[in-house]
There are 2 protein chains.
Amino acid sequence: MAIVPVENRRAEVVRVAARLFCERGFDGTTTRDIAEAVGMRSGSPFYHFKSKQEILAAVMEEGLVAGLPAAETIAASVLPPRAKFRALVRAHLEIVLGEGHDFIPVLLYDWRRLTPELRARVQVLRDRYDQLWQDVVNELSAAGLLKSDSAVARLLLMGAVNYTVLWYKPGQGSDLEQIAEEAVAMFVGPEA
Amino acid sequence: MAIVPVENRRAEVVRVAARLFCERGFDGTTTRDIAEAVGMRSGSPFYHFKSKQEILAAVMEEGLVAGLPAAETIAASVLPPRAKFRALVRAHLEIVLGEGHDFIPVLLYDWRRLTPELRARVQVLRDRYDQLWQDVVNELSAAGLLKSDSAVARLLLMGAVNYTVLWYKPGQGSDLEQIAEEAVAMFVGPEA
DNA sequence: CCTACCGATCGGTAGG
DNA sequence: CCTACCGATCGGTAGG
């Protein structure tokens, strides 16, 4: 038995909540489920969070904070537009579909369960992520590698990629690498 | 006051439930909300449906039954592949985003809330819809107008189109016609 | 389809 | 973070 610092209990709640929210949805998970899975009593999550929705927001924010650095590095790299886009898609698929990556799926599934206030708070981080995509898509566009207006293009592209969360089954059919390749091939066309 | 046949009360429950589920989500809507909006007492929806989830399944099935004929007509038409795909996308956007079309968004939002039994039941209709898309996508592929394997291609394409339900705002930005055009332009490339 | 009601669940809190 | 508990809600049912 390792000695676990008290500060980690909060993070543990967030991590367990992410898993349960991802599996059963926000409304399909009770704060009691979370408490039990973490080894607490039913009321104890509320020592760490003001409300169930605050836990949800924390899950989403942790997912975004964890995913942003990789995406930022890719966006700031000197890769040519098509390769950069491919790397971004690949990194995003990992965040959405990778083993133990339950945070962003929760954001995609249960965004609407956030109160307006919490939604606005999480949106700040989300905007940064969306902007990175927009930048990379704009580079594609500027290089003549993408038809369609870039604002709607970004939404359609992110839709295609995010929607994988609803159909992808690990170890069945294409793997993440293949899906990334197919998506890029279909959207961007063959080479520059 | 028109005289309303008793049989229409059930349909009324489904229609009202579709609107409320679409606005607030399945878990965010109580059977009491539905009853009140339809002008019944709180227990009366259960005269028409065995459970709340049966109402949800009915909403989804009505959406699919309403949408299938148009999609079938398009798939069976003699349009060239690109035009056929464009027509399918356009029809689908109408079903997903059109005014008063709350049924398919509910399917997209709350598919996971169905019990396994009900999910299997609704899946039968959903499979028919997916197959139509697959046929049209395969035609595109056969005509050399689409890169990427067609099974994954269909999922990515439907993802892009279905995801519009999360960002489209009527009367703000592109309209359905424009979105359809941009989607086709981006995915299929310029002309055959 | 209404009346009347239940049984259980659930988010959240006071007080330590 | 636990104990003990509340207040409200909610899906669903019996019986007519």
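A, B, ... follow the sequence lines: proteins, then strands. Residue 1 opens every chain. Just so you know, these numbers use all the heavy atoms, side chains as well, and skip hydrogens, waters and symmetry mates. It should be emphasised that the depicted structure is a prediction, and the values quoted were computed from it without experimental measurement.
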Quiz prompt | D:dG16: pairing nucleotide in any strand, Watson-Crick or G-U under 3.5 angstrom | solution = C:dC1
Self-check item: Base-pairing mate for C:dC6 - Watson-Crick or G-U, with both contacts under 3.5 Å
Solution: D:dG11
Quiz item: Of all the nucleotides listed (C:dC2, D:dC5, D:dC10), which has the minimum atom distance to the side chain of B:R32?
Solution: D:dC10
Practice problem: Report yes if a side-chain nitrogen or oxygen of A:T31 is closer than 4.0 Å to either non-bridging phosphate oxygen (OP1 or OP2) of C:dC10; otherwise report no. | Solution: no
Exercise. Go through D:dT13, D:dC10, C:dG12 for me and flag the one nearest to the A:S51 side chain.
Key: C:dG12
Exercise. Could you tell me whether A:S44 contacts a base, only the sugar-phosphate backbone, or nothing, with contacts defined as non-hydrogen atoms closer than 4.0 Å?
Key: base
Quiz item: Backbone N or O of B:I74 within a donor-acceptor pair of the B:S77 side chain at under 3.5 Å?
Solution: yes
Quiz item: Is A:R154 close enough and on-axis enough to B:W167, meaning under 6.0 Å and within 45°, for cation-pi?
Solution: no
Practice problem: Give, for atom CD of A:E139 and atom CZ of A:R82, the distance between the pair rounded to the nearest 0.5 Å. | Solution: 14.5 Å
Practice problem: Quickly work out the B:F46 CZ to D:dG12 C1' distance and round it to whole Å. | Solution: 5 Å
Exercise. Provide, to the nearest angstrom, the distance between the CD1 atom belonging to A:I55 and the P atom belonging to C:dG11.
Key: 9 Å
Quiz item: With respect to the side chain of A:S42, which nucleotide from D:dC1, D:dA4, D:dC10 is positioned closest?
Solution: D:dA4
Quiz item: Over how many whole Å does the gap from B:K52 atom NZ to D:dC10 atom C1' extend?
Solution: 8 Å
Exercise. For A:R113 and C:dC10, give me the distance from atom CZ to atom C1', rounded to whole Å.
Key: 15 Å
Self-check item: B:H48 side-chain proximity, nearest of D:dG12, C:dG11, C:dC1
Solution: C:dC1
Practice problem: Return the value, rounded to whole Å, for the distance between atom CG of A:L56 and atom P of C:dG11. | Solution: 12 Å
Quiz item: Could you give the CG-to-P distance, from B:D27 to D:dT9, as a whole number of Å?
Solution: 17 Å
Self-check item: Spacing between B:R41 atom CZ and C:dT3 atom C1', to the nearest angstrom
Solution: 9 Å
Self-check item: Flag, side chain of B:Q53 to backbone of B:T115, donor-acceptor distance under 3.5 Å
Solution: yes
Quiz item: What is the distance, rounded to the nearest whole Å, between atom CD of A:E36 and atom P of D:dC1?
Solution: 16 Å
Quiz prompt | A:R113 backbone acceptor or donor facing A:D110 side chain under 3.5 Å | solution = no
